[in-house]
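Let me give you the structure first, and then I'll get to my questions.
These numbers come from a predicted model, not from an experiment.
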Number of protein chains: 2
Amino acid sequence: MSDTFGQTVFEAPGHDHDACIRGALARADALCAERGLRLTAIRRRVLELIWDNHRPTKAYDLLSAISAERGNAAPPTVYRALDFLLEAGLVHKIESLNAFVGCDAGHERGHPKFLICRRCEHVAEIPGPAVDSAIAREAERSGFTVDHETIEIGGICRRCAAAD
Amino acid sequence: MSDTFGQTVFEAPGHDHDACIRGALARADALCAERGLRLTAIRRRVLELIWDNHRPTKAYDLLSAISAERGNAAPPTVYRALDFLLEAGLVHKIESLNAFVGCDAGHERGHPKFLICRRCEHVAEIPGPAVDSAIAREAERSGFTVDHETIEIGGICRRCAAAD
DNA sequence: TGTACAAATGTTATATATTAACGCAAAGCA
DNA sequence: TGCTTTGCGTTAATATATAACATTTGTACA
């Protein structure tokens, strides 16, 4: 039970979420500039809405928000923005929830892997290559070539467990 | 590259699929008898349709089939059967495909983990506890208590790779 | 600077996936 | 037999996602 356990995989209790959002948008701006991608107003706003909190965001909630702001907006408006953001690696889809979270790059060059608290609904990415390695070994045993991983672990985060 | 690699995680090339289906249904009958669950005609037929091949089956494809056979059948008919089968552990849902596969019990008492070939679309379960262990270790590092895992690995199976 | 092409967005419609609610019928049990 | 639970039929609604085509915006280049 040492205190060195429990890194900031989930965000720290009093973390500055405004800074968190600003950072994510700044990273998105930089990445798009670097790759010649166009982070248009809609795309940027969708990304910002997704980063509004650390819970997965539903496409139709994005649609409501965008629609309220602009007067118009139909499903394709949102889904196209999401396609772009997914393609650019700026957001991830949580398949088991049909919802989207901002990419915090915790996975670095591996496949994203999520811890999802069913109490507070916050999502965190599992960093490091350990899980990927285990999967790669198992896949190799049956001659399977991995090119995509959907890894979504549900449970209870430390904070929610402590709150009991 | 030894020949001892490559167990029958994916079904063998010439496997007797009729026997495969019969086995799955027999296991389902036994399990339901043992637990006092009622494998009704609809439920059994849905299970049989899912086992028709090793590809994930969509709910509406089941609906079409059932509907053609019985004349009637609405979405709840199929979804209720699926709920029962999922609950009983006889089938799994592939979240990334919104589709269902028969449980081959390859995971034994762990969480199911899938290899999904994007060429032939066959699905196999990864047996053994190695991946679960790696996940458990990573989760523990952040004080996360795991109670559910969605693990769906996409790629190319040995047979499809060999067919190039 | 204008034009031409590509990319992005608007718009309408539809496809696909899932659940809610209610009533009837059959199965299991006292 | 009557009661209760479970399963099923049916209608409707909600949730998620894409197709197809029109219009606009951005960008490059003559």
Task: Under the side chain to side chain contact (heavy atoms under 4.5 Å, CB included) test, residues paired with B:Ser67 that sit two or more places apart - done: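 Partners of B:Ser67 under the side chain to side chain contact (heavy atoms under 4.5 Å, CB included) test: B:Ala73.
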Task: Presence of B:Tyr79 side-chain N/O under 4.0 Å of C:dT19 phosphate oxygens OP1/OP2 - done: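 No, because none of the side-chain N or O atoms of B:Tyr79 sits under 4.0 Å from OP1 or OP2 of C:dT19.
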Task: Contact check, side chains of A:Phe10 and A:Arg159, non-hydrogen atoms, under 4.5 Å - done: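 No, too far: nothing below the 4.5 Å cut-off.
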Distances for protein N/O vs nucleotides 9-12 of chain C N/O pairs under 3.5 angstrom?
| unit_1 | atom_1 | unit_2 | atom_2 | d |
| --- | --- | --- | --- | --- |
| C:dT9 | OP1 | A:Thr40 | OG1 | 2.6 |
| C:dG10 | OP1 | A:Arg70 | NH2 | 2.8 |
| C:dG10 | N7 | A:Arg80 | NH2 | 2.6 |
| C:dG10 | O6 | A:Arg80 | NH1 | 3.1 |
| C:dT11 | OP2 | A:Asn72 | ND2 | 3.1 |

Task: Residues which pass salt bridge (charged side-chain N to carboxylate O under 4.0 Å, His left out) with A:Arg22, listed by chain and number, not counting sequence neighbours - done: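 Here no residue qualifies.
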Task: salt bridge (charged side-chain N to carboxylate O under 4.0 Å, His left out) against A:Arg80, all qualifying residues, sequence neighbours excluded - done: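 Partners of A:Arg80 by the salt bridge (charged side-chain N to carboxylate O under 4.0 Å, His left out) criterion come out as none, since no residue qualifies.
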- [ ] Please state how far atom CG in B:Leu86 lies from atom P in C:dT19, giving the value in whole angstrom units.
- [x]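 Answer to the nearest Å: 10 Å.
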Task: Test: A:Glu152 and A:Lys113 ion pair at under 4.0 Å - done: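 So A:Glu152 does not pair with A:Lys113 through a salt bridge.
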Just distance, no hydrogens or angles: give the donor-acceptor pairs under 3.5 Å from side chains in residues 25-36 of chain A, sequence neighbours left out.
| unit_1 | atom_1 | unit_2 | atom_2 | d |
| --- | --- | --- | --- | --- |
| A:Asp29 | OD1 | A:Arg44 | NE | 3.1 |
| A:Asp29 | OD2 | A:Arg44 | NH2 | 2.7 |

Open item on the list: I need the CD-C1' distance between A:Glu87 and C:dA7, as an integer number of Å.
Closed with: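 A:Glu87 atom CD is separated from C:dA7 atom C1' by 14 Å.
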- [ ] Kindly say whether, by distance alone, the side chain of A:Tyr60 makes a donor-acceptor pair under 3.5 Å with the base of D:dA17?
- [x]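 Such a pair exists between side chain and base.
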Open item on the list: Quick check on contacts: within residues 90-98 of chain B, what sits under 4.0 Å from DNA chain C by heavy-atom distance?
Closed with: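 Within residues 90-98 of chain B, the residues near DNA chain C are B:Lys93, B:Asn98.
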- [ ] Tell me, please, which residues at least two apart from B:His17 pass ring-ring contact (aromatic ring centres under 6.0 Å, His included).
- [x]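 Checked B:His17 against ring-ring contact (aromatic ring centres under 6.0 Å, His included); matches are B:His15, B:His54.
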TODO: State which residues pass salt bridge (charged side-chain N to carboxylate O under 4.0 Å, His left out) with A:Arg55; sequence neighbours excluded, sorted by chain then number.
DONE: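 A:Arg55: no salt bridge (charged side-chain N to carboxylate O under 4.0 Å, His left out) contacts found.
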Open item on the list: According to salt bridge (charged side-chain N to carboxylate O under 4.0 Å, His left out), who are the partners of B:Arg38, at least two apart in sequence or on a separate chain?
Closed with: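 Counting only residues at least two positions away or on another chain, B:Arg38 forms no salt bridge (charged side-chain N to carboxylate O under 4.0 Å, His left out).
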Open item on the list: A:Phe100: which residues meet the ring-ring contact (aromatic ring centres under 6.0 Å, His included) condition with it, sequence neighbours left out?
Closed with: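 With neighbours one apart ignored, the set is empty.
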- [ ] With DNA chain D as reference, determine whether B:Phe84 or A:Phe100 sits nearer its 5' end, using the nearest nucleotide of each.
- [x]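 Upstream on the strand: B:Phe84.
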Open item on the list: Without decimals, in angstroms, what is the distance between A:Leu62 CG and D:dA15 C1'?
Closed with: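 It is 14 Å, rounded to the nearest whole Å.
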TODO: Output yes when at least one side-chain N/O atom of B:Lys58 is less than 4.0 Å from OP1 or OP2 of C:dA17, else no.
DONE: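 Looking at the OP1 and OP2 atoms of C:dA17, one of them is under 4.0 Å from a side-chain N or O of B:Lys58.
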Task: Length of the CG-P vector between B:Asp83 and D:dC8, whole Å - done: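 In whole Å, D:dC8 P and B:Asp83 CG are 12 Å from each other.
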- [ ] Would you kindly give the CG-to-P distance between A:Leu85 and C:dA8, to the nearest whole Å?
- [x]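 For the pair A:Leu85 CG and C:dA8 P, the rounded distance is 12 Å.
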Task: Rounded distance (Å) that lies between atom P of D:dT27 and atom CG of A:Leu37 - done: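 A:Leu37 atom CG is separated from D:dT27 atom P by 13 Å.
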Task: Pairing residues for B:Pro129 by the side chain to side chain contact (heavy atoms under 4.5 Å, CB included) criterion, not counting sequence neighbours - done: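 Applying side chain to side chain contact (heavy atoms under 4.5 Å, CB included) to B:Pro129 gives B:Ser133.
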- [ ] Starting at the 5' end of nucleotides 24-30 of chain C, put B wherever the base has a protein heavy atom under 4.0 Å, S where only the sugar-phosphate does, and a dash everywhere else.
- [x] ---S---
